[in-house]
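One structure is given here, and the rest of the page talks about it.
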Amino acid sequence: MKSGEEHITVLLDEAADALVTDKNGFYVDGTFGRGGHSSKVLGGLSEGGRLLAIDKDEQAIAVGSLRFADDARFEIVQGSFAQLKMLLEERAQIGKVSGLLLDLGVSSPQLDQPARGFSFSNDGPLDMRMDNQSGPTAADWVASASEEDIVRVLKEYGEERFARRMARAILAERVIEPITTTARLAKIIAEAHPAWEKGKHPATRAFQAIRIYINNELQELDDVLAQALEVLAIGGRLVVISFHSLEDRRVKRFIQRYERGDELPLGLPVTADKLNKRLRRLGKALKPGKLELDYNPRARSAVMRVAEKIA
């Protein structure tokens with residue numbers, strides 16, 4: 001895959017096919033990226049259909065504004081998908097949305113631009129913000145976080161078993177010189193990692209953890225999932241593509257919770273129709289096939305789940 005601005009959309013046809021059930025419907029692409037899914041969704045809509053796209057990244061907003069400038073069915077706004085309910089209230093679409101798509105994680109342009117600070121493979125400023133115009137950078141956090149905070153973040157968001165060793169190494173090195181680049185942080189973490197895995201950079205989990213923390217990714221995912229039940233129309237689809245187990249577990253449990261309905265004491269004489277079931281799972285979790293993986297190895301960890309609002 002080429003570096004730079006190229007981005008290959010994961011599960012493109014599968015996601016759009018699962019999402020669009022009404023050609024005249026109102027849809028939301030909560031993670032515009034470079035517009036692959038949005039373009040496919042628009043291709044399935046009539047002149048009466050509408051698509052609202054959201055992204056934190058100002059580069060994504062610039063791409064979307066230019067790419068679909070002549071399409072009156074399309075609107076793009078800069079912000080977090082956790083603002084979904086507010087954005088739809090402003091457009092009088094609460095309870096009317098035909099489909100919500102969330103393609104989680106980091107886009108290829110973000111990974112491939114050293115200045116964004118997401119990748120340990122390309123040296124650059126230690127930033128990691130999806131919206132690089134607001135909030136503290138990863139360098140700010142690394143400079144001020146306590147040992148316990150670093151350990152917690154690496155364990156909770158990266159499932160890193162050597163979090164303590166890495167935290168202590170970070171604290172020792174930042175006294176010598178501020179940690180302001182991705183290459184320096186990756187080197188510190190790699191040297192603190194006692195058990196390198198073949199084919200996997202030792203800083204992989206730590207970089208993932210810090211990125212998730214800096215961007216509040218898991219809390220925002222929980223927030224948007226909760227809002228989805230309110231904004232979707234009956235029959236509306238929720239389509240979520242996750243790229244690591246922390247995200248996918250949340251999506252899976254959310255769908256299971258509202259497919260099962262209210263949790264009541266065992267033995268209570270209540271019929272199934274009284275359980276307040278809100279969602280219906282559609283099919284099994286879907287992963288990219290061999291053909292897609294050959295073309296786009298970055299899709300290897302993707303998992304797509306689909307549910308339909310029933311009440």
Side-chain angles (χ1 to χ4, degrees), residues 1-2 4-55 57 60 63-64 66-68 70-76 81 84 97-112 221 224-225 228 232-233 235-245 247-248 251-252 254-255 279-309:
M1 177 170 174
K2 298 175 183 177
E5 288 299 310
E6 183 178 355
H7 176 68
I8 303 174
T9 305
V10 176
L11 294 167
L12 176 61
D13 294 338
E14 295 87 344
D17 290 346
L19 187 75
V20 179
T21 58
D22 177 4
K23 292 185 177 183
N24 296 305
F26 186 100
Y27 293 87
V28 178
D29 182 350
T31 45
F32 177 79
R34 289 301 181 266
H37 283 125
S38 282
S39 180
K40 190 71 176 181
V41 170
L42 286 167
L45 300 184
S46 69
E47 287 301 312
R50 294 291 182 271
L51 176 64
L52 172 66
I54 307 167
D55 207 293
D57 190 336
V63 169
L66 180 63
R67 181 173 181 180
F68 301 109
D70 298 326
D71 195 330
R73 303 171 301 168
F74 177 81
E75 179 185 5
I76 189 166
F81 53 50
L84 180 66
V97 176
S98 298
L100 169 61
L101 171 64
L102 303 172
D103 180 7
L104 307 174
V106 185
S107 69
S108 293
Q110 289 170 327
L111 285 171
D112 292 333
L221 175 58
V224 73
L225 290 175
L232 286 171
R237 297 282 179 86
L238 172 66
V239 179
V240 186
I241 301 172
S242 305
F243 287 87
H244 59 74
S245 59
E247 295 170 339
D248 185 53
V251 177
K252 180 181 179 180
F254 173 80
I255 293 173
L279 292 173
R280 178 169 65 95
R281 176 171 50 91
L282 299 178
K284 297 180 179 180
L286 182 66
K287 298 183 178 182
K290 183 179 183 303
L291 184 63
E292 180 169 0
L293 292 177
D294 288 343
Y295 183 60
N296 182 19
R298 284 180 175 169
R300 62 188 177 275
S301 58
V303 178
M304 186 177 84
R305 296 185 186 274
V306 183
E308 182 177 271
K309 181 177 173 179

Does some side-chain heavy atom of [Y] sit less than 4.5 Å from a side-chain heavy atom of [X]?
X	Y	result
His37	Leu12	yes
Leu279	Phe254	yes
Phe68	Ser39	yes
Leu11	Glu292	yes

Of the non-hydrogen atoms in [X] and [Y], which two are nearest, and what is the gap between them?
X	Y	answer
Ala285	Val303	CB-CG1, 3.7 Å
Ser46	Arg73	O-CD, 3.2 Å
Leu19	Leu100	CD1-N, 3.5 Å
Gly33	Ala60	O-CB, 3.1 Å
Pro288	Ala299	CG-O, 3.3 Å
Val306	Ala18	CG2-CB, 3.8 Å

With Phe243 via ring-ring contact (aromatic ring centres under 6.0 Å, His included) - residues at least two apart: none

For the [atom1] atom of [X] and the [atom2] atom of [Y], what is their distance to the nearest 0.5 Å?
X	Y	atom1	atom2	value
Phe32	Arg67	CZ	CZ	6.0 Å
Met304	Leu101	CE	CG	9.0 Å
Lys40	Thr9	NZ	OG1	10.5 Å
Asp29	Phe74	CG	CZ	8.0 Å
Leu238	Arg305	CG	CZ	11.5 Å
Asn24	Glu47	CG	CD	10.0 Å

Going by atom types only, do Thr31 and Asp103 share a side-chain donor-acceptor pair under 3.5 Å?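 No.
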
For Arg281, I'd like to know if atom CZ has over 12 heavy atoms of other residues, nucleotides or ligands within 6.0 Å. no

For the pair Tyr27 and Asp22, evaluate side chain to side chain contact (heavy atoms under 4.5 Å, CB included) and give the outcome as yes or no after the intermediate values. CA-CA 10 Å; Tyr27 293 87; Asp22 177 4; 3.8 Å; yes

